[in-house]
Amino acid sequence: MKLSIKLFATIRLDTGLKIIDVNIDKPVNVLDMLKIVSEAINFDLVKKLIRNGALIPGVIILLDGVNVLHLQKLETIIDKDTTISIFPAVAGG
Amino acid sequence: MAYMGKILRVNLSNKSIKKEEFPKELAKQYLGGRGLASKIFFDEVDPKVDPFSAENKLIFATGPLSLTNAPTGGRYMVITKGPLTGGIASSNSGGFFGAKFKATGYDMIIFEGKADKPTYLFIDDQTVELRDASHVWGKGTEDTTDILVAESGHKTANVACIGPAGENLVMFAAIINEKTRAAGRTGVGAVMGSKQLKAVVVASGKFKTPLDAPEEFKAAVKANIKTIRENGVTGEGLPALGTKVLDNIINELGGYPTRNFQESVFEGVDEMSGEALVEKGYLIKNVACYACPIACGRKVTLPDGAEGEGPEYETGWAYGPHCGVNDLISITRAGFMCNNLGMDTISAGVTIGTAMELYERGVIKKEELGPGPELKFGSGEAIIYYTKLMAYREGIGDKLAMGSYRMADSYGHPEYSMTVKKQEIPAYDPRAVQGQGLAYATNNRGADHTRAYLISPEVLGIPEKLDPQQNEGKAKHVKDAQELTAIVDSAGLCVFTEFALGPDDYLTMLNNATGFDWTLEEMMKAGERIWNLEREFNLRAGIDTSLDTLPKRLLNDKIPAGPSAGNTNRLSSMLGDYYKERGWTEDGKPTQEKLKELGIV
Ligand code: SF4
């Protein structure tokens, strides 16, 4: 399965990366996906996005445009090719 | 307490200046700023008045927390009958002008009548006088500010003024203070222009806001600043990227209106997003308004050396995706121009985007453009060219200056105008965020996102995550947000504090500042009172409840592609609940009982 991971805001600015592709051979949940990506980009996404075992308020992780908070949060299973958008808690307009 | 206790009443027709007692008892009902000034306006001005007539009044108002250390405590508001919507207008601005004005010892200025020649008001803590402004009439806000500051004899004087757009009665002209901060929406700058009032200059002020319980207030402020600093949005995101961090968020959600709301995903976002502004090296530093620990303002320098602030998320969107433009330099320049010409960037950009659709559909003909570039989506040249034309009402600019609704209507095609109550919709497609659509439709000042920012719960998950596609329950969220924001505005604070602070935090600051000893319920009741008063004014002004709606495109046409594809805004499934939540009649009018309960009649 191919995961296309799009990084935004301060994560993009800190890592200099816009998008990375990761191939996985078995389904993973969102938390495991974050660990895999953290290793691949050498940036601790878990620390940036999670506090006390839950996503920090304001963090947005979209799987094909759908917020994981409306799925099974960190336990949401990713089992097909997916575009994943990751934003730290930063927004306001 | 927390008020200076005096109001200035300036009659521009007969040049009289009166100092009046501040209505303390009313402040307990309407707090200050937007709320209290709206009450005074409601009592003094016939709702049917022509916005550009001498009978319309223009009120500059501060709140009890303006000129305090409360986080963002420097706002001022301008209240009038706005020409764009024809309803009661209150536009809010940051910077330093509001706090500086209050330091001269007044809470408010009420302008009446019309001057017979260009005029400005000069204030310091001893003098209040009307002065001739003929020499700055016709000038942009930057030159006007520089000239009037020099003339004041105080290098640190603050100026709130209009540019050529206000003078030319562009229906969405803004009032600009410190060259870059705007009381932007609903055309308050055009009302100022109609009165030939070019500027208000505050030279110096020595007063401080008296506080009821200074030590307790200080402790509450300290705690709230800490909360703001530790919050991901107000402590990290807004300082790092400003409001433009939203470009990618809203685009990834599929709610980023593109080419006049024909699409909701913009393919060119990477070129013009907040991240791009940093990566391209245009962003120099962030800047803060008075007493603001957030500092969301952006100081930007373009490759040719042009300097300014912004673009904010809304400005970047209105001139960017809305016009199909991904050229960040043109977008930024258009924003700079709006500040100098004195125009609301949302309405200006959206109106040009509407004209682009009309042109591409063959409704606006090439001959009408004169020597100007084609009004094609994607043209950076066009957004710059027509922004100028609009401010000076030259050529087709005269039509653009009416705003998108009146312009499209003049061609017999109002359906292409993306407006509510004739004011342009901002940068969130209500088909992708249902509650925000209800907030647009029911807003007392027409389409606008700052009176109830449902994006916070529906997209950002603050304070709790709501499903953006759910309709049930949104009515209550919209009502609560409208009322809390009425309090935040009226207090004299910036709505961005709402990302980190809750109702109790505001209550503690307000009680320690004013000594009102309000319960939470009483504070929220004041918010409800302000909302109902504005609504009642609008109804009397002839804005009937059938206008609580959205453009047909957003109700009937599905988003064609992207993550929110297939959705429309299901307003009808929320509006009835909203009226019920408010205790209004089924067709959306405040009942006599409600108005009595709130002390409005
Ligand atoms: S958050 Fe931004 S707009 Fe609000 S007061 Fe602070 S700097 Fe000004």
Side-chain angles (χ1 to χ4, degrees), chain A residues 3-20 30 37 41 43-76 78 80-93, chain B residues 231-255 265 270 273-276 278-279 294 296 312-314 317 426-428 432 449-450 453 455-456 458-470 495-496 498-500 562-565:
Chain A
L3 308 182
S4 291
I5 294 122
K6 296 162 89 173
L7 304 168
F8 296 102
T10 45
I11 303 176
R12 179 182 288 188
L13 297 178
D14 289 348
T15 62
L17 295 167
K18 276 187 188 159
I19 184 160
I20 65 151
V30 169
V37 178
I41 65 174
F43 182 92
D44 194 346
L45 288 174
V46 175
K47 194 168 157 212
K48 183 89 182 165
L49 308 173
I50 296 172
R51 195 181 301 145
N52 302 329
L55 288 170
I56 294 170
V59 165
I60 299 172
I61 300 178
L62 307 175
L63 305 185
D64 290 330
V66 180
N67 195 312
V68 298
L69 293 175
H70 301 306
L71 303 169
Q72 281 76 47
K73 304 182 177 128
L74 289 169
E75 265 89 66
T76 311
I78 305 165
K80 59 176 175 34
D81 289 358
T82 307
T83 299
I84 303 170
S85 315
I86 301 179
F87 298 89
V90 291
Chain B
N231 179 285
V233 176
T234 50
E236 182 183 337
L238 285 171
L241 283 155
T243 54
K244 258 181 91 53
V245 67
L246 279 167
D247 297 321
N248 276 306
I249 295 178
I250 305 302
N251 198 49
E252 290 295 304
L253 177 86
V265 176
D270 267 346
S273 65
E275 289 88 339
V278 179
E279 287 158 354
I294 304 171
C296 77
E312 297 297 325
Y313 170 65
E314 293 293 339
W317 162 78
Y428 311 92
H449 59 295
T450 61
Y453 192 58
I455 298 304
S456 190
E458 291 189 294
V459 178
L460 308 176
I462 299 170
E464 57 175 317
K465 184 73 176 77
L466 303 179
D467 185 338
Q469 280 306 331
Q470 199 150 30
V495 289
F496 286 169
E498 287 183 48
F499 287 118
S564 296

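What's counted below: heavy atoms across the whole structure, side chains too, no hydrogens, waters or symmetry copies. Chain A is the first sequence line, chain B the second, and so forth, proteins listed ahead of strands; every chain is numbered from 1. Keep in mind that what you see is a predicted model, and the values were worked out from it rather than measured.
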Quiz item: Between B:I455 and chain A, which part of the residue has a heavy atom less than 4.5 Å away: side chain, backbone, both or neither?
Solution: neither
Quiz prompt | chain B neighbours within residues 44-54 of chain A, where any heavy atom lies under 4.5 Å away | solution = A:K48
Quiz item: Do the non-hydrogen side-chain atoms of B:K465 and A:P57 ever get within less than 4.5 Å of each other?
Solution: no
Quiz item: Got a sec, which residues hit salt bridge (charged side-chain N to carboxylate O under 4.0 Å, His left out) with A:K18, two or more places apart in sequence or on another chain?
Solution: none
Practice problem: Under 4.5 Å heavy-atom distance to chain B, tell me which part of A:L69 shows up: side chain, backbone, both or neither. | Solution: side chain
Quiz prompt | Stepwise side-chain contact (heavy atoms from CB on, under 4.5 Å) test for B:L241 and A:L13 | solution = CA-CA 10 Å; B:L241 283 155; A:L13 297 178; 3.7 Å; yes
Quiz prompt | Qualifying side chain to side chain donor-acceptor pair (under 3.5 Å) pairs with a residue from residues 6-15 of chain A, counting only residues at least two apart or across chains | solution = A:K6-B:E252, A:T10-B:E236, A:R12-B:D270
Self-check item: Closest approach of B:V245 to A:A9 (non-hydrogen atoms, all atoms of both residues)
Solution: CG2-CB, 3.7 Å
Quiz item: Between B:L466 and chain A, which part of the residue has a heavy atom less than 4.5 Å away: side chain, backbone, both or neither?
Solution: backbone
Exercise. Measure B:V459 against the heavy atoms of chain A and call it side chain, backbone, both or neither at under 4.5 Å.
Key: both
Self-check item: Nearest-0.5 Å distance, CG of residue B:L460 to CG of residue A:N67
Solution: 10.0 Å
Quiz item: Taking only residues two or more places apart in sequence, or in another chain, which ones meet B:E498 in a salt bridge (charged side-chain N to carboxylate O under 4.0 Å, His left out)?
Solution: none
Quiz prompt | Interatomic distance, B:I249 atom CD1 to A:F87 atom CZ [nearest 0.5 angstrom] | solution = 5.0 Å
Quiz item: Given A:F8, which of B:D247, B:N248, B:N251 fulfils the side-chain contact (heavy atoms from CB on, under 4.5 Å) condition?
Solution: B:N248
